[in-house]
Amino acid sequence: MQTSFFLLGTRISLVRAEEVSTALGFDTVVGVDARGFAGGVIHALWNSQMIHRHQTNTKETPGRPLPKRTSMALLSCTLTLSHSSLRRHVHEYTTTIHLSPPPSPPPHWNLPNPPVLPFRRLVSFPPYIPRSSLISATAPLLQDAGATATVLAGAYSLVRTFDTLTQRNLIQQSLSRKLVHILSGLLFAACWPIFSTSTQARYFASVVPLVNCLRLIVHGFSLVADEGLIKSVTREGNPQELLRGPLYYVLILILCALVFWRESPTGVISLAMMCGGDGVADIIGRRFGSSKLPYNQHKSWAGSISMFICGFLISIGMLFYYSALGYFQLDWTWTIQRVALVALVATVVESLPITEVVDDNITVPLVSMVVSMLSFGY
């Protein structure tokens, strides 16, 4: 008996779901709102012709009773997928075989009549999947371990590069510190998609800032000397500075990876405002910040304006990046308004004269998290 219904539970956009539906030979797809999934949607896919065929072929004949009513038999299997969009987004699927007419969907779904998509078979799969083609259970583990090693090597190379430039006096210490501040967090967030879709992926990713956290603690307490690191990261060359702003910075990276990960725009926006917005504000403010804010003589109009603009643009860019990969489904008109609100609130908080009390690497991302969660709902 052929497959008549396919339920896909994964975080992909409607466009990706349509590609998956066509590739697997189904002609109908509909998105169902479901809290707890990335994007808040489960996509249901089925072949209307096959369902109709099952319904018309289940007539009772004299002397031959109907088969035992079994609404569905669940078969879970993991495939080695060759299609690019499937390989990225589908790591496990469940097929449902209907031996009797399919049950009606629960009333609370409130599904409209699903649109029928143009049918075009891109790939086909044999009914029997040999054991040799199943994805090994260790594949996600190996992928995450490799991604962790790659990102960790990249982070170390980035810091070491600016260490060298600072030691050779090719770049100013203040500029080196801010460039590390801007690039390390943004590149870390941009690398999240190379990790697997398994539940442990976020923990592997958090190892990268955790290693840097331990490094800052060791050098901050002067247990090990590293003049290059101190010059490229601190303001005044004091090792104890590593235990303040830089340490808070990596702790926020860990928090965003563990709590929000790729499942929410909140973590991406928070990192964009802390890394991009606050980092650019300091660079622009030092160069063009002659006009100071009336309530804070340590902050300038140029720095605050640049933080709002750059934080907003970098946040939109990161959201577009994740949306293009299928992690978010966003209404861009609505999203632009909400991101602008987050950028405005974060800019106002950063401009307040509270730096001596609470570090910007704490106030900016935490305020961005709160406003983003209130705006996006997750």
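Sequential numbering from 1 along the given sequence is applied to the chain's residues.
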>> Please verify the inter-ring angle class for Phe195 with Trp261; under 30° counts as parallel, over 60° as perpendicular, anything in between as tilted.
In response: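 Taking Trp261 first and then Phe195, their aromatic rings stand perpendicular (interplane angle over 60°).
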
> Would you call the rings of Phe188 and Trp192 parallel, tilted or perpendicular, where under 30° means parallel and over 60° means perpendicular?
Replying inline: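 Perpendicular, since the angle between the ring planes exceeds 60°.
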
I'd like to know if the side chain of [X] reaches the main chain of [Y], judged simply by a donor and an acceptor atom lying under 3.5 Å from each other, with no hydrogens or angles considered.
X	Y	answer
Ser264	Phe260	no
Asn361	Tyr248	no
His181	Gly276	no
Tyr249	Gly185	yes
Ser323	Leu319	no
Ser372	Met369	no
Thr148	Phe204	yes
Tyr322	Pro265	no
Gln240	Ser222	no

>> Strictly by salt bridge (charged side-chain N to carboxylate O under 4.0 Å, His left out), give each pair with a member in residues 364-374 just once, sequence neighbours left out.
In response: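 Applying salt bridge (charged side-chain N to carboxylate O under 4.0 Å, His left out) to every pair that reaches into residues 364-374, excluding sequence neighbours, yields nothing.
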
> Does anything in residues 319-332 pair up under salt bridge (charged side-chain N to carboxylate O under 4.0 Å, His left out), and if so which pairs, sequence neighbours excluded?
Replying inline: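 Qualifying pairs: none.
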
>> Test of understanding: with side chain to side chain contact (heavy atoms under 4.5 Å, CB included), list the residues that count as partners of Ser351, not counting sequence neighbours.
In response: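 Expected list: Leu293, Tyr295, Ser304.
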
>> According to side chain to side chain contact (heavy atoms under 4.5 Å, CB included), who are the partners of Leu247, at least two apart in sequence or on a separate chain?
In response: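 Checked Leu247 against side chain to side chain contact (heavy atoms under 4.5 Å, CB included); matches are Cys213, Ile217, Val250, Leu251.
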
> What do the steps show when you test Lys299 against Glu350 for side-chain contact (heavy atoms from CB on, under 4.5 Å), and what is the final call?
Replying inline: CA-CA 9 Å; Lys299 305 288 183 178; Glu350 192 273 342; 2.8 Å; yes

>> Grouping I, L, V, M, F, W and Y whenever their side-chain heavy atoms are under 4.5 Å apart, do Leu366 and Ile354 come out in a common cluster?
In response: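 Not linked; separate clusters.
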
>> Between Glu241 and Arg177, does any NZ, NE, NH1 or NH2 come within less than 4.0 Å of an OD or OE carboxylate oxygen?
In response: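 Between Glu241 and Arg177 there is no salt bridge, as every charged N stays at least 4.0 Å from the carboxylate O atoms.
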
>> For a quick check under 3.5 Å, do Ser300 and Ser291 share a side-chain donor-acceptor pair by atom type?
In response: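 Side-chain D/A pair, Ser300 to Ser291: absent.
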
>> What verdict does the side-chain contact (heavy atoms from CB on, under 4.5 Å) test give for Thr355 and Thr363, after you've listed the backbone C-alpha separation in whole Å, the side-chain angles of each residue and the deciding distance to 0.1 Å?
In response: CA-CA 9 Å; Thr355 305; Thr363 57; over 6 Å; no

> Excluding sequence neighbours, so at least two apart, what forms ring pair (Phe, Tyr, Trp, His ring centres under 6.0 Å) with Trp334?
Replying inline: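 By the ring pair (Phe, Tyr, Trp, His ring centres under 6.0 Å) rule, Trp334 matches Phe376.
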
>> My understanding is that only residues two or more places apart in sequence, or in another chain, count here; which of them pass salt bridge (Lys or Arg N to Asp or Glu O under 4.0 Å) with Arg287?
In response: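 Salt bridge (Lys or Arg N to Asp or Glu O under 4.0 Å) list for Arg287, sorted by chain: empty.
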
